[in-house]
Number of protein chains: 2
Amino acid sequence: MPPPVRGVALDQNQARLAIRHIPDRPGMAARIFRLLADQKVSVDMIIQSQRCRIVDGVTTRDIAFTVAAIDAETARTALINAATDLGCGEITVDAEIAKVSIVGSGMVNQPGVAARMFAALAQNQINIQMIATSEIKISSVVAKDQGVQALQAIHAAFGLSGAEKIQVST
Amino acid sequence: MPPPVRGVALDQNQARLAIRHIPDRPGMAARIFRLLADQKVSVDMIIQSQRCRIVDGVTTRDIAFTVAAIDAETARTALINAATDLGCGEITVDAEIAKVSIVGSGMVNQPGVAARMFAALAQNQINIQMIATSEIKISSVVAKDQGVQALQAIHAAFGLSGAEKIQVST
Ligand SMILES: C[C@@H](O)[C@H](N)C(=O)O
Ligand SMILES: C[C@@H](O)[C@H](N)C(=O)O
């Protein structure tokens, strides 16, 4: 069995946007991401959780996503201009984030890989702000000033030697 | 440039759990996923959005995740037993879901790929309940009874011929 985790990556070059209270009906996500695509904004992580909230009698959900820090302002302006049209609430931006990820095949089938990553962050008092996963990657968003510490903690927790790829984009 | 999307996958074998009002401090995610790992529950998607809520003066966040449908009850019981210890709120389970995903390399750099997937769902009046992405995969959770329709709509939207892999696990 190859080790489940092949490497750790850190991206300190992202900003997170969140759109609150999007009416929860078909088509809303399509309009939002089409709007961003038309502005040539590449979106990295998109996270929409299952939680709904009723606002003025309408069921709504939040969508959060990360972009390259240089695109944050373009994305924010485009969304603010469309907020009334979309019928959604507040648009928030946070550039003080870092994304730290572990990559490897077969992680999902080995319960405990995610727990080990999260425990490495916990032992270093690093709070997890967002989580998104796929079969071969687990990403966490942490405070920007804890990015390097998060990378080192996870690297040590999985016993990765110098050989594994560490990607840091600053 | 290879087409950004190589294939579409549908998994109708999952259940979604959500844990509400988890105290937002380091270590909570580690405890939750260690608990599930100890029960040999493999977790597929994990989604924690940035949204915080203040409950009884404590900042909290929700975490949602999907598991194989056969593991849902084990996961729910383990979490309910630990809820007081963890200091979190309600645990909800929904087995009436399907996960539909597009896979391909270089999707993130092509801004309109996500918009196209979401538009295909919108045109078929399919509501998106959750979204999680990575560089090579965009997954959406939809109602279980719309899973096959979602797969077909996305397949058509990306002009995938019979040659591309469609993975359906039922
Ligand atoms: C909130 C948003 O995702 C909506 N449910 C949609 O399908 O577009
Ligand atoms: C909510 C949970 O993710 C918490 N922030 C932690 O770091 O564990």
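Quick caveat, the model's predicted, so the values are computed rather than measured. Only this structure's heavy atoms are used, side chains among them; waters, hydrogens and symmetry mates stay out. So you know, we letter chains A, B, ... as the sequences are listed, proteins then strands, and number each from 1.
For the set B/K137, B/M45, B/Q123, the count of heavy-atom pairs under 4.5 angstrom toward chain A peaks at B/K137. Across A/A29, A/A132, A/A120, the residue that shares the most heavy-atom pairs under 4.5 angstrom with chain B is A/A29.
Linking Ile, Leu, Val, Met, Phe, Trp and Tyr whenever their side-chain heavy atoms come within less than 4.5 Å leaves A/I97 and A/L10 in two separate clusters. Both B/V8 and B/I131 are members of a single hydrophobic cluster when ILVMFWY side chains are connected at heavy-atom separations under 4.5 Å. Under the 4.5 Å side-chain heavy-atom criterion for grouping Ile, Leu, Val, Met, Phe, Trp and Tyr, A/M130 is not connected to A/I91 through any hydrophobic cluster. B/V55 and B/I63 sit in two unconnected hydrophobic clusters of ILVMFWY residues. Membership requires side-chain heavy atoms under 4.5 Å apart, directly or through other members. A/F158 and A/I128 fall within a single hydrophobic cluster, where Ile, Leu, Val, Met, Phe, Trp and Tyr side chains are chained together by heavy-atom contacts under 4.5 Å.
Both the backbone and the side chain of A/R34 come within contact range of chain B, each with at least one heavy atom under 4.5 Å from a heavy atom of that chain. Only the backbone of A/I126 comes within contact range of chain B, judged by heavy atoms closer than 4.5 Å. Heavy atoms closer than 4.5 Å to chain A are found in the backbone of B/K40, but not in its side chain. Residue A/S49 touches chain B through both its backbone and its side chain, counting heavy-atom pairs closer than 4.5 Å. Contacts between A/R31 and chain B at a heavy-atom distance below 4.5 Å are absent for every atom of the residue.
Rounding to the nearest 0.5 angstrom, the gap separating the OG1 atom in B/T133 from the CD1 atom in A/I46 is 5.0 Å. Rounding to the nearest 0.5 Å places CD of A/Q50 at 11.5 Å from OG1 of B/T66. Separation of atoms CD1 (B/I32) and CZ (A/F118) is listed at 9.5 Å; rounding is to 0.5 Å. Here CG of B/N127 is found 6.0 Å from CZ of A/R61. Values are rounded to the nearest 0.5 Å.
Between B/E135 and A/D44, the shortest heavy-atom contact is OE2-OD1, 3.7 Å. Listed here is the closest heavy atom pair of B/I47 and A/Q48: CD1-O, 3.8 Å.
Contacts of residues 17-28 of chain A with chain B at a heavy-atom distance below 4.5 Å involve A/A18, A/R20, A/H21, A/D24, A/R25, A/P26, A/G27, listed in sequence order.
For A/N81, the CG atom is densely surrounded, since the number of other residues' heavy atoms within 6.0 Å is greater than 12.
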